[in-house]
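First up is the structure itself, then whatever we jot down about it.
Source: prediction; values computed, not measured. Indexing begins at 1, ligand by ligand and atom by atom, following the structure's order. Side chains included, hydrogens not; waters and symmetry mates left out as well; all remaining heavy atoms used.
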Amino acid sequence: MALWGGRFEGGVDAFTQEFGASLEVDKSMAQQDIRGSIAHATMLAEQGVISDADREAIVEGLRQIAQEIEDGTFAWDVNDEDVHMSVERVLTERIGAAGGRLHTGRSRNDQVATDIRLLAKDLCAELLEGNHELRRVLADVAEANLDVVMPGYTHLQHAQPVLFSHHMLAYFWMFTRDATRLRAACDAADANPLGAAALAGTTYPLNRARTTELLGFARTIPNSLDAVSDRDYLLDLEYACAVSMMHLSRLCEEVVLWSSSEFGFVTLSDSYSTGSSIMPQKKNPDFAELTRGKTGRVYGDLMALLTTCKSLPLAYNKDLQECKEGPLDAARTLGDCMAIMAGMLQTMRVNEGRMLAEAGTGFSAATDVADYLAKRGMPFREAHAVVGRLVLECERRGCGLEDLTLAELREASDLFDKDVVGTLDPAAIARARTTYGGTGNVAVEAQLAEARAALATA
Ligand code: ARG
């Protein structure tokens with residue numbers, strides 16, 4: 001019989017029961033449910049609402065159930081609508097009347113809100129660990145390839161040479177911002193709804209501050225209606241996941257391009273590649289593509305919850321039962337994808353020679369040649385035009401700027417001298433960009449130190 005058996009004469013049929021249940025997804029927050037119940041029972045006893053003997057029986061029974069769930073020996077019953085009912089039913093079967101007193105001054109509405117908040121905090125903590133590991137790998141790859149020169153792109157066209165380490169560190173800072181977003185989501189979840197009961201609070205002398213303390217929440221939610229109906233913190237978590245997946249998808253796209261024979265900048269390890277069932281030569285960057293693809297799912301999770309919460313009147317509505325799968329899926333997907341990306345980066349080979357060779361093509365020295373003239377007194381706009389004409393001429397001839405003789409350069413401007421060759425070397429071009437945040441080797445070394453310091457603090 002359901003917990004509300006008193007009011008009912010008939011029951012629902014099996015399919016309707018299954019349709020209304022959340023037991024499957026709730027299993028992911030069973031431990032949080034039990035933590036919440038232990039805190040509630042402890043507080044009830046301290047307030048004299050239940051006896052110490054009842055509290056002891058409840059806490060002992062709940063600990064045993066928690067262990068069985070952990071071990072996979074707990075006998076779940078599909079006839080239970082959700083985890084709250086499963087745990088309470090089994091507890092009461094085992095300890096009798098004391099079990100029936102656990103739910104005093106509590107509703108499943110504040111109970112589920114408590115569970116999800118505890119779960120959201122745990123998910124954020126796990127994701128922050130994965131995020132930290134990925135950032136550590138990015139810093140390591142940058143450090144191991146500090147002086148490797150590659151083409152820098154805008155519009156996916158050669159722009160100016162940059163250091164590969166600088167490119168890796170750009171991702172480091174993106175994921176550092178993601179960590180900030182995850183911490184903000186954790187902070188949003190870090191408030192205690194327990195004691196709000198169904199929607200209006202309760203007549204029992206509950207001490208809400210005490211369960212806040214026992215459960216390690218940072219604060220107590222000041223409005224019972226808001227406490228049971230707020231799921232904003234899950235949106236915050238999903239948004240943080242969505243942005244981080246977007247960052248991963250950008251890195252994946254580059255890995256897919258870089259590992260193609262057209263680029264050849266990196267070679268993925270066999271352990272992060274797959275073959276083809278028909279084409280014997282194939283080595284595909286499947287895991288980068290899959291991560292890129294999973295970004296769509298995580299965006300979907302965010303949109304789904306925004307839509308579920310839209311127009312809901314206060315306070316609890318059963319619609320809110322739909323709010324759990326999405327954040328769990330988003331968090332698991334991001335956690336898995338960060339781990340895959342860390343492994344892929346750590347094991348890939350960086351083809352230094354190929355990157356350097358490409359960095360010298362596509363007229364990527366043109367800006368520096370124009371700067372060369374400008375530094376000798378020519379207005380930059382004029383220098384831009386002079387070099388533009390030289391590029392056009394080279395394109396006609398099918399050669400690079402470095403193939404022009406000094407005499408030919410001097411025809412374009414007599415400011416050109418022998419030392420212009422220095423401005424045509426991609427490594428020198430990158431090295432010269434020493435301003436803070438630039439791609440010069442010295443600037444990147446300083447940036448790496450800043451990245452390491454950021455890793456040490458969070
Ligand atoms: N299974 C429900 C959920 O996940 C628990 C809260 C149910 N409350 C209610 N009044 N039906 O949201």
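With hydrogens left out, the protein atom closest to atom 2 (C) of ligand 1 is Q321 OE1, 3.2 Å, a heavy atom. Here the heavy atom of the protein found nearest to atom 11 (N) of ligand 1 is R108 NH2, 3.5 Å. Of the protein's non-hydrogen atoms, the one nearest atom 12 (O) of ligand 1 is Y316 OH, 2.5 Å. Looking only at protein heavy atoms, the nearest one to atom 8 (N) of ligand 1 is N109 OD1, 2.9 Å.
T104 is listed as a side-chain neighbour of L44, based on a closest heavy-atom distance under 4.5 Å.
By the 4.0 Å N-to-carboxylate-O rule, R108 lies close enough to E81 to be salt-bridged with it. Look at R63 and E60 and you find no salt bridge, because none of the NZ, NE, NH1 or NH2 atoms lies under 4.0 Å from a carboxylate O.
Within the 4.0 Å heavy-atom criterion, neither part of Q111 lies near ligand 1.
For the pair R135 and F172, the cation-pi test (distance below 6.0 Å, angle within 45°) is passed.
Near E81, the atoms of ligand 1 lying under 4.0 angstrom from a non-hydrogen atom of the residue are 1 (N). Near S22, meaning under 4.0 Å from one of its heavy atoms, ligand 1 places the atoms 1 (N), 4 (O).
For ligand 1, the polar-atom distance check finds an N/O of D82 within less than 3.5 Å of one of the ligand's N/O atoms. Residue K324 has at least one N or O atom closer than 3.5 Å to an N or O atom of ligand 1.
Using a 30° and 60° split on the angle between ring planes, F164 and H167 fall in the parallel class, below 30°.
No side-chain donor-acceptor contact under 3.5 Å links R106 and T211.
Under a cut-off of 6.0 angstrom, the local environment of CD in E9 is sparse, with at most 12 non-hydrogen atoms contributed by other residues, nucleotides or ligands.
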